[in-house]
2 protein chains.
Amino acid sequence: MDNRRLIIDSAKKLFWHRGYSTTSPKQVMADAGVGQGSFYHHFPAKADLGHEVVQENGRDLVASVRAAMEGKATGRDRLVAFLGSAGDALGGCQIGGFAYDAGILAEPPLREALGAAFTELTDLLESVVREAQADGSVSAKLDPAQTAAALLAVVEGAFVIARATGRQSTADAATAGALALLDG
Amino acid sequence: MDNRRLIIDSAKKLFWHRGYSTTSPKQVMADAGVGQGSFYHHFPAKADLGHEVVQENGRDLVASVRAAMEGKATGRDRLVAFLGSAGDALGGCQIGGFAYDAGILAEPPLREALGAAFTELTDLLESVVREAQADGSVSAKLDPAQTAAALLAVVEGAFVIARATGRQSTADAATAGALALLDG
DNA sequence: GTCTATATGATGATAGAC
DNA sequence: GTCTATCATCATATAGAC
């Protein structure tokens, strides 16, 4: 119905799994089933679509992390739920791959949107670490900001390693190791 | 033989910092200071150069990790030295970015070389975790393979986060947090 | 808003002379 | 081994009709 929405949804999926620079407008049009005229009417330049996609994928990721944490009894359980984000790592992180995409980094608005998404995720995790320390499920000795950063890095790294090796089990090993350290 | 080396060295640097798919043969030629005739004489296709680069960057990374660990008194100190690999994260990991590059993943030989490099790093780290447990500098309760995978993931993730936010300090926070967990 | 036709430059090469 | 010329294809649009 709404071609603009069809374009964005296709681009979100394609930029996520195949990369921004390595996906052409033509591929997006084909996937969305819209013509060139429609595409360039809604997005004068590819970067305009990219900006929208980085923002939406960032929001989606934060929302899915919040959803995965919902209903968990302790702060530690919520952190465990976050580590589960790497449970299907072969497709790559919704936004992590953009950090290595020269086409994203070359465009200041896209770069800023990417940084903002990571900052929001870090802040969310830090607040959950504090909750976990408050309810006694995680050691009070840990620095909340650094612990949150480490957990986010483990998950992002797990995506990288899984894609590099082609084996999901390498991501699972990383998150299991991180959990053991957290509980240690 | 000299131009071949110049081409490889330029490509190693450019593919590392700017990505494989987003760097053209022409850019490599310009950086290396060689002409098209020379380039295609040594590397019939871009992927042939890419294969060489993935292998060399993998070997270089393993070698630099080994060098950083050398002379450290305990296994834990060697792991700390490895965490320091993310001390200059804004340029990206020598091989980590390839995991999100569609042009690398689409070529089986490049993909295999990438996976092999990660496997070698993981194996190296696992052996160091075992040494650390043997000398008492790291808890014997930890699973060596999972702990090694987690530490590698932290470092790879630190590169991703630093590039996404544009701030080295976000990588430093992640590795500091990981060290605290390891010592915890 | 969408269509088709057209334009410009880059990419990843190949051909043949030196 | 290296050079210059050439080439097909693709990426990224723009123009104007409907």
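Quick note on labels: first sequence line is chain A, next is B, and so on, each numbered from 1.
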Fill in: Between dG1(C) (P) and F43(A) (CZ): distance, integer Å
11 Å
Worksheet item: Taking NE2 from H41(A) and P from dT2(C), how many angstroms apart are they, rounded to a whole number?
Response: 7 Å
Discussion item. If I take atom CG in residue D48(A) and atom C1' in nucleotide dT12(D), what distance separates them, rounded to the nearest angstrom?
Written reply: 13 Å
Worksheet entry | dA11(D) OP1/OP2 closer than 4.0 Å to side-chain N/O of K26(A) | no
Practice prompt. Would you indicate, yes or no, if dG1(C) has its OP1 or OP2 atom less than 4.0 angstrom from a side-chain nitrogen or oxygen of N3(A)?
Written response: no
Worksheet item: In terms of hydrophobic clustering (I, L, V, M, F, W, Y; side-chain heavy atoms under 4.5 Å; direct or indirect links), are V28(B) and I8(B) co-clustered?
Response: yes
Discussion item. For dA10(C), does the base pair up with any side-chain atom of Q27(B) as donor and acceptor (N or O, under 3.5 Å, distance only)?
Written reply: no
Discussion item. Within a 6.0 Å radius of atom CD on Q55(B), are there more than 12 heavy atoms belonging to other residues, nucleotides or ligands?
Written reply: yes
Worksheet item: Given that D2(B) and Y40(A) both sit by DNA chain D, which one's nearest nucleotide is further toward the 5' end?
Response: D2(B)
Practice prompt. Please state how far atom NE2 in H42(B) lies from atom P in dA13(C), giving the value in whole angstrom units.
Written response: 16 Å
Discussion item. Without decimals, in angstroms, what is the distance between K46(B) NZ and dC10(D) P?
Written reply: 16 Å
Worksheet item: Nearest-Å distance, CE (M29(B)) to C1' (dA10(C))?
Response: 12 Å
Fill in: CG/D123(B): more than 12 non-hydrogen atoms of other groups inside 6.0 Å
yes
Worksheet item: Given atom CZ of F15(B) and atom C1' of dG12(C), what is their separation to the nearest angstrom?
Response: 12 Å
Worksheet item: Between Q36(B) (CD) and dG12(C) (P), how many Å, whole number?
Response: 12 Å
Worksheet entry | Hydrophobic cluster membership, W16(A) vs V160(B), 4.5 Å side-chain cutoff | no
Discussion item. Whether S24(B) contacts dT11(C) is assessed here as follows: a side-chain N or O lying under 4.0 Å from the phosphate OP1 or OP2. Is that the case?
Written reply: yes
